[in-house]
Participant: 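Before anything else, here's the structure in question.
Residue numbering restarts at 1 for every chain, and letters A, B, ... go by the order of the sequence lines.
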Number of protein chains: 2
Amino acid sequence: MRRQTWQRAAVRDALSEREGFVSAQDLHTALKATGSPIGLATVYRALADLAVDGDADSLQSGDGENLYRACVSQGHHHHLICRSCGRTVEIEADAIEEWAADVAARNGFRDPQHVVDVFGTCERCAAAASACEVV
Amino acid sequence: MRRQTWQRAAVRDALSEREGFVSAQDLHTALKATGSPIGLATVYRALADLAVDGDADSLQSGDGENLYRACVSQGHHHHLICRSCGRTVEIEADAIEEWAADVAARNGFRDPQHVVDVFGTCERCAAAASACEVV
DNA sequence: CTGATTTTGACAATCGTTCTCATCTGGCCG
DNA sequence: CGGCCAGATGAGAACGATTGTCAAAATCAG
């Protein structure tokens, strides 16, 4: 049975306060900053649990970190992620689901799962970045 | 300028002998097994170079490893990967490219990049696995 | 061949994550 | 209410993949 502890609640709350994906380390740092004596290992465990329960989404950043995000829609969906600020838009695409299933089936693969995420630079960051670029 | 060394060639060859994705560590082990005194750091560097040059594809496995694979088609494409044996099928999907670009544009995101990979269990492995399952 | 420059490789360092284990605690039962 | 016990916690060690360091070796242009 899964127990109700203030640590889990703290992790869940901290996660839902963020707009985009956060790393476990960041979340731990943030929690510590608020005075929580929560342990790093606990944050990892809580996040893993949330991900399993479908309350959070996880993906791996390019540099070997696991990122987590509180999920609004419970079902299967994908993300459009700003590579600069981490802001995230949830997207649904039945067409993709079908395509993936179809491709898998056509090649004799069973139990298709897919990783579909789109990265980009959101308007806000694109504007900020172009101001700095040495064009 | 990039110099031509037997180590790079060895890595490239070892990579193209494999049918699916391999981790840097595996490749290093395999090379060592053939008697090469090649160093681990060198394998990592060679793989990173290959990936940059477009001669190899890289992706991250679920458990924090970078996997590499010699690429047949040079252009942009995706993969259908057997989660059990690592066998890989290259797939192209213009529809996906368009969809990704469209989604990005509709949400005001610039420079869309996407991660689209399908994992499954290939026929061979599915057969092998079902034989073991405690149904 | 020679010299400049890149590459190599052994090993240490780093970084994210997981494990260990003693301790604590939530939730259920009497 | 009090006790019990499996599950949860946390400090720190352990771990595994990757990257950095730096002297020695190898490559290539002239």
Side-chain angles (χ1 to χ4, degrees), chain A residues 1-15 18 20-53 55-69 81 83 86 115 117, chain B residues 1-15 18 20-53 55-69 81 83 86 115 117:
Chain A
M1 186 215 334
R2 186 147 292 165
R3 290 186 182 167
Q4 181 77 20
T5 64
W6 64 265
Q7 287 98 333
R8 307 251 174 170
V11 169
R12 182 179 297 237
D13 290 350
L15 196 60
R18 303 302 199 89
F21 280 86
V22 213
S23 72
Q25 310 260 356
D26 282 350
L27 211 54
H28 177 236
T29 307
L31 284 164
K32 283 292 215 184
T34 70
S36 257
I38 195 170
L40 178 57
T42 305
V43 175
Y44 274 98
R45 280 185 288 238
L47 285 173
D49 286 347
L50 287 173
V52 167
D53 295 350
D55 294 324
D57 247 7
S58 69
L59 61 81
Q60 344 189 346
S61 78
D63 41 278
E65 276 180 317
N66 277 328
L67 302 182
Y68 294 90
R69 175 169 193 271
I81 305 149
R83 69 167 66 85
V115 179
D117 286 299
Chain B
M1 187 215 330
R2 185 148 294 165
R3 288 186 183 170
Q4 183 78 18
T5 63
W6 63 265
Q7 287 97 335
R8 307 247 175 170
V11 169
R12 183 179 297 237
D13 289 350
L15 197 59
R18 304 302 197 91
F21 279 86
V22 212
S23 73
Q25 309 262 356
D26 281 351
L27 211 54
H28 177 237
T29 307
L31 283 164
K32 282 294 214 184
T34 70
S36 258
I38 195 170
L40 178 57
T42 305
V43 175
Y44 274 98
R45 280 184 290 238
L47 285 173
D49 286 348
L50 286 174
V52 167
D53 295 350
D55 294 324
D57 246 8
S58 68
L59 62 80
Q60 346 189 345
S61 77
D63 42 277
E65 276 179 318
N66 277 329
L67 302 182
Y68 295 90
R69 175 169 194 271
I81 306 147
R83 68 167 68 86
V115 178
D117 287 300

Participant: Listed by chain and number, what are the side-chain contact (heavy atoms from CB on, under 4.5 Å) partners of A/Asp55, not counting sequence neighbours?
Facilitator: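 Listed in chain order: A/Arg12, A/Leu50, A/Asp53, A/Gln74.
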Participant: Could you tell me, to 10°, how much the axis swings from one end of the helix from C/dC1-D/dG30 to C/dG30-D/dC1 to the other, five pairs per end?
Facilitator: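 Taking the rotation axis at each end, their angle is 40°.
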Participant: Using side-chain heavy atoms (C-beta onward) and a distance below 4.5 Å, is A/Trp6 in contact with A/Ser36?
Facilitator: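 Yes; the side chains approach each other to less than 4.5 Å.
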Participant: Name the atoms and distances for all side-chain donor-acceptor pairs under 3.5 Å in residues 27-35 of chain B, with sequence neighbours left out.
Facilitator:
from, atom 1, to, atom 2, distance (Å)
B/His28, NE2, B/Ile38, O, 3.2
B/His28, NE2, B/Leu40, N, 3.3
B/Thr29, OG1, B/Gln25, O, 2.8
B/Lys32, NZ, B/Ile38, O, 3.4
B/Thr34, OG1, B/Leu31, O, 2.7

Participant: Do you know which two heavy atoms are closest between A/Ile81 and A/Gly86, and how far apart they sit?
Facilitator: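 Heavy atoms only, the tightest pair is CG2-O, 4.3 Å.
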Participant: Applying side-chain contact (heavy atoms from CB on, under 4.5 Å), name anything that partners A/Asn66, two or more places apart in sequence or on another chain.
Facilitator: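 Testing A/Asn66 for side-chain contact (heavy atoms from CB on, under 4.5 Å), a comparison that skips the adjacent residues, returns A/Gln60, A/Tyr68.
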Participant: Which listed nucleotide (C/dG26, C/dC19, C/dT8) is nearest to the side chain of A/Gln4?
Facilitator: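 Taking heavy atoms from C-beta onward, the closest nucleotide is C/dG26.
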Participant: Have a look at B/Arg8 and say if it touches a base, only the backbone sugar-phosphate, or nothing, with a 4.0 Å heavy-atom cut-off.
Facilitator: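 Result for B/Arg8 = sugar-phosphate.
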Participant: From the 5' end of DNA chain D to its 3' end, which nucleotides mark the outer limits of contact with chain B, defined by a 4.0 Å heavy-atom distance cut-off (strictly under)?
Facilitator: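 First and last nucleotides in contact are D/dA17 to D/dC28.
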Participant: Just how far, in rounded Å, is C1' of C/dT8 from CH2 of B/Trp6?
Facilitator: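 One finds 9 Å between C1' of C/dT8 and CH2 of B/Trp6, rounded.
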Participant: Who passes side-chain contact (heavy atoms from CB on, under 4.5 Å) against A/Glu65, sequence neighbours left out?
Facilitator: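 Only A/Ser23, A/Ser61, A/Asp63, A/Leu67 meet the side-chain contact (heavy atoms from CB on, under 4.5 Å) criterion with A/Glu65.
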Participant: Under the rule for salt bridge (Lys or Arg N to Asp or Glu O under 4.0 Å), what residues qualify as partners of B/Arg8, not counting sequence neighbours?
Facilitator: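 Testing B/Arg8 for salt bridge (Lys or Arg N to Asp or Glu O under 4.0 Å), a comparison that skips the adjacent residues, returns B/Asp49.
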Participant: Locate the shortest heavy-atom distance separating A/Arg18 from A/Asp26; write the atom from each residue and the value.
Facilitator: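 Shortest heavy-atom separation between A/Arg18 and A/Asp26 comes out as NH2-O, 4.5 Å.
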Participant: Looking at A/Val43 and A/Ala24, what are the two nearest heavy atoms and their distance?
Facilitator: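 Where A/Val43 meets A/Ala24 most closely, the heavy atoms are CG1-O, 3.8 Å.
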Participant: On DNA chain D, nearest-nucleotide positions of A/Thr5 versus B/Thr5: which is more 5'?
Facilitator: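 Looking at the nearest nucleotide for each, A/Thr5 comes out on the 5' side.
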Participant: Got a list of protein N/O to nucleotides 15-17 of chain C N/O distances below 3.5 Å?
Facilitator:
from, atom 1, to, atom 2, distance (Å)
C/dT17, OP1, A/Asn66, N, 2.6
C/dT17, OP2, A/Tyr44, OH, 2.4
C/dT17, O5', A/Tyr44, OH, 3.3

Participant: Which distance, rounded to the nearest 0.5 Å, do you find between the CZ of B/Arg69 and the CG of B/Asp57?
Facilitator: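 These two atoms lie 8.0 Å from each other.
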Participant: Could you go over nucleotides 22-25 of chain C and give all protein N or O partners under 3.5 Å, atom names and distances?
Facilitator:
from, atom 1, to, atom 2, distance (Å)
C/dT25, O2, A/Arg3, NH1, 3.2

Participant: Hey, mind stepping through B/Leu59 and A/Val115 against side chain to side chain contact (heavy atoms under 4.5 Å, CB included) and telling me if it holds?
Facilitator: CA-CA 11 Å; B/Leu59 62 80; A/Val115 179; over 6 Å; no
Participant: From CG of B/Leu47 over to P of C/dT7, roughly how many Å is that when rounded to an integer?
Facilitator: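 Value for this atom pair: 15 Å.
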